[in-house]
Every structure is written in C-alpha cells, then in structure tokens.
Protein chains: 2
Amino acid sequence: MLRRMSKSSVSRLVPKVPSVPGASRRAAYSASTKRALIDVAEQLFTDHGYAAASLDQIVAGAQVTKGALYHHFSGKQALFEAVFERVESDASKAVKKALKGHRDDPWEKALAGLRAFLEVVQEPRYRRIVIQEGPAVLGYERYREQEERSTFANVLDIVKSVLTAGDWELDEAMQQTFARIFFGAMSSAGEAVSSSDDPIAAAVRVETAIGFILSGFQVLVENDVTLPNAFHEDDSATS
Amino acid sequence: MLRRMSKSSVSRLVPKVPSVPGASRRAAYSASTKRALIDVAEQLFTDHGYAAASLDQIVAGAQVTKGALYHHFSGKQALFEAVFERVESDASKAVKKALKGHRDDPWEKALAGLRAFLEVVQEPRYRRIVIQEGPAVLGYERYREQEERSTFANVLDIVKSVLTAGDWELDEAMQQTFARIFFGAMSSAGEAVSSSDDPIAAAVRVETAIGFILSGFQVLVENDVTLPNAFHEDDSATS
DNA sequence: GGCACTCACATACTGAAGGTACGTACTCAG
DNA sequence: CTGAGTACGTACCTTCAGTATGTGAGTGCC
C-alpha cells in the first residue's frame, strides 16, 4: 500500500508545476495543492452551501486527504475565508475596472459602478459565499473587515466622489454612513436582481430607482442644500 | 429509574398551565414545553450562533430531552425557523406600532418607521438571528418569504405612502424595487449602528443621511419630476 | 368508572463530519 | 551524501444531528 502519489502527481500536480519558475519545485507543488483545495471548496460551497459541503468531499475533489487540508488551513472556516477573499477580490477588481475613466463625472462614475456591481452580484459564487453565507460563517466582525477593504472600499470611493462634487465638507464618519447606506441598498437590490425571474428587467428597475435617488441628490447638491445639522444639536422634537 | 416527570412537571410546567383555559391540560403542557424550547433556543442561537448552539444544550436548558424536541419540530432548522418567525414578528409589530398615527404625513411616517427600525435592529437577537444567520440557515428563498410578510411589508407600506404622496403612477414591481433598496439600506445602516462604538451617534448619522435622501426625493416629487422612463425603452447608450 | 388508545414525551443508539496525533516519503541545503 | 524539515497520508477520536423504540399520563368512549 505504498503507492502514495501515484495518481495525484501524474494527473493534477505535474501540469501545473511551472506556475512560479523562481520558486522550488516543492513550493510549486504546495501552492498547486492549496489552489486546488480553494478551487474545489469554492465550487462546493457555492453549490451546496458551507454546512452541506463536507471536508471529505472537498479533499476528494482536490484528490488529496485531510492531512493536506489541515496542513494548509487551520480548519474549515479558514478554508472558507480563503475562498471568500478570492471571490471578494475578484468582485472588487471587476468593479474597480468599471470605475476607470470616470474621474471627471462622479455621477456617471456612480452609475458605472452600480452596473458593474449588478453584474457581479449575479454570479452564484458571490451571492452564496459573500452575501448569503459570509456573515454567518465568518461572523459579522470578520465579514465586515473583509468587505471594508474590497467592495465597500469601492462604494466609499464612489460616494466620496459624489459628495465632494458639491464642495461639501463632510466628516469621515458621515461619509462612511452614506457609503454604508448605499452599499446595503446595492447589496439588497443586487440580491433582488439575481433572484428575480427576469434579472435583466430587474436590473433595469434597480438602475432606474437608484438613478432617481441620485437625481434627488444632485438637485440638492446643485441648489446648495446642506445637511440638516439640527439633528446633531438635540432631540427636542421627540414625539 | 422511573421518576420521569419529577423535576420538569414541578419546576417548569405547573406554573404555566393556565395559559389556555379552554384547552385540555395535555395541550397546555405541550404548548408550554414548545414555548420553553423556543425560548431557550432563541437565547442560545443569539448568544452562540446557530452552528455552535447544540440541541443537547437547548433541550437541557428547557429541561426536556431530544424526544420532546423532535416531537414538536422536524429538526434543528425547523426550530430555528420558529425562533426566526417570532423575532421577526416582534420586530414587525414594534415598527408597525410606531407607524400608527402618521396617516397624514408620509414623510414623518417614514422617519418614524426608520427610528423604530433602528431601535429594533439594535436588539442582539434581531441582529444575530434575522440579519446575520437568517439567510444562511434558512436559505435565501425561505428567508425572503419570511421577510416579505413582516418587516419588508412595513417598508413597502412606507415606500408606497411616500411614492403616492406625489400622485405617482408606479407599477408594483417598481414600488417593490424602491422598497428593496430602502430595506437593504436600512438593514445595512442598522447593522452599522448596532456594531458601532457609539450607537446613538451612529443612529443620528443614519437618520441624518436617510433624511437627506428623503429630502432629495421630496424635492423631486414636489417639482413633478418623473422617473427616467427612458431606461425602459432601449439600451442605446451603453458605453 | 373502567379501559383501550393516543399523545407527549424519555432513552438508547447510529452515522456522519470536523478535528487531531502521528507516521512517512520526498525535497533541498550543506 | 546526509540530516532536517516540509508536505502531505492514515488512523482515530469526539461531537452532534437525527432515529428507533419504549412508556406513562390524559382522554374519549362505553
């Protein structure tokens, strides 16, 4: 029973060795198995969800054993986190790419970002891994840390562009608040789009609605309407 | 070893028997244990999350055995769903209560609903069970069905009030879209509020931001600006 | 008022799945 | 060439959701 790497080395590892030429062969093999684990895990997590995807299935799909998995990851949750980061990273890149070339008109930039996000959110892996399972598996704290430096950063960027369009002086906290609101709006809208019977029509409706909201914003900005800072003073009129 | 109902019947069931006078004693006992299970499950799900809360802990807390649990519920998920429904129902009632007496001014109604929701969303049980774990445990489909007839219904009600304030003719789908967007915005904002270092200040910021967005709406409505229906016709200007 | 019947549980067990301890072949520096 | 460490594989343990089955207290019926 000593035919250890008979199948795996031939059918999976060998074709992917020249990924990083500078590194040693062992490191290349190691990186390859790690990628294979993440690949298979992403697929199974997307298809069946976190709880229903067993580690046995994952390691079988990657043609390794649990020993390999626990060598690369501290546990199932860490593996999920690796998958999560990659999906998030890809999504963030896609949105960021769509944002290029809109440095001049922040409103166009916002709409471009919205369209890109509505595309991303229709990917099953993003829906399942990031939106649906992310908060529960990672816990809201870690979930938020991850979002903070990827998709949410994009939204914050857009929001800042739009807000500064009217020469506004808003503190960081208030900008974050606006970004949170729009981020939540887009996530929810995105979910509605992707789970709709007619995603295209739903996406159009979302664009229309958010476009309208942005129009209201624009009108206020152009008319130099400031934020109702009265809220900051006291709570005099609590019914 | 035949002291079966020695502890349970004395310490827990007896004091709650006269809950439903008309029903038989057996039914009263049964309802009492079911409630106890839901109570304990709600607590443990809130404190430790769905996965980390074991059925053994739950039945121990309710002073029953797994036989009782599986008599009342088909499984762990069904128990969670019962908890979910109650938490959602309570939240919905709280918001609905705050909405009363604002039939005249839809804008005030919206703000009142917002404030009530921001209160609700700070309850740990709502955060954990509905927002954080709900989508993952129930699956997005069932999650949405539940929301549809409770909290989301409230938001839809508010949105319709606001939209019809300007004598608008919007189809149901478009109203639903607006409601989805605001619902997502409020959920996300609520999460930000409840996980903030200073929830009160965060709540004020959210109120300010959403109030501002509503102001933009109001301006558009009062100036008879219609929705950009051009989106519905074609996609002529896709960059 | 006795009696069968059923409901509302309790008890004991099973299988699956995440995690761990330890062994081993292969690689690479020297 | 050789010792050391890496990158796994193997076997086992533990926890936990779910199941099969038993049983006594209520309840309807006569």
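Order of the sequence lines fixes the chain letters, A, B, ..., with proteins taken first and strands second; residue numbering starts at 1 for each chain.
Taking atom CD1 of residue B:I58 and atom P of nucleotide D:dC16, one finds them 11 Å apart after rounding to whole Å. Taking atom CZ on B:R35 and atom P on C:dA8, their separation rounds to 17 Å, with Å as the unit. Rounding to whole angstrom units, CG of residue A:D56 and C1' of D:dT10 are separated by 13 Å.
Under the 30°/60° scheme for interplanar angles, the aromatic rings of B:F178 and B:F182 are found to lie parallel.
Among the nucleotides D:dA17, C:dA10, C:dA17, the one closest to the side chain of B:L55 is D:dA17.
B:E42 has no carboxylate O lying under 4.0 Å from a charged side-chain N of B:R35, or vice versa, which leaves the two without a salt bridge.
Applying a 4.0 Å cut-off to non-hydrogen atoms, none of the residues of residues 133-142 of chain A approaches DNA chain C. Near DNA chain C, defined here as any heavy-atom distance below 4.0 Å, the residues from residues 66-80 of chain B are B:G67, B:A68, B:H71, B:H72, listed numerically.
Of the possible donor and acceptor atoms, none in the side chain of A:S188 sits under 3.5 Å from a partner among the backbone N and O of A:A185. The closest donor-acceptor contact from the side chain of A:K76 to the backbone of A:Y50 lies under 3.5 Å.
For the pair B:R180 and B:F152, the cation-pi criterion (under 6.0 Å, within 45° of the ring axis) is fulfilled. Within the cation-pi definition used here (under 6.0 Å to the ring centroid, within 45° of the axis), B:K34 qualifies as a partner of B:F73.
Residues satisfying the side-chain contact (heavy atoms from CB on, under 4.5 Å) criterion with A:K96, sequence neighbours excluded, are A:S92, A:N154.
Among the protein residues, B:A53 comes within range of the sugar-phosphate backbone only, with heavy atoms under 4.0 Å from sugar or phosphate atoms but none that close to a base.
For D:dT6, the OP1/OP2 oxygens have no side-chain nitrogen or oxygen of A:S30 closer than 4.0 Å. Within the 4.0 Å cut-off from OP1 or OP2 of C:dA16, not a single side-chain nitrogen or oxygen of A:S54 is found. Residue B:T33 places at least one side-chain N or O under 4.0 Å from the OP1 or OP2 atom of C:dC9.
Between B:I181 and A:V206, the shortest heavy-atom distance links the atoms CD1-O, 4.4 Å. The two residues B:S187 and B:I131 make their nearest non-hydrogen contact at O-CD1, 4.4 Å.
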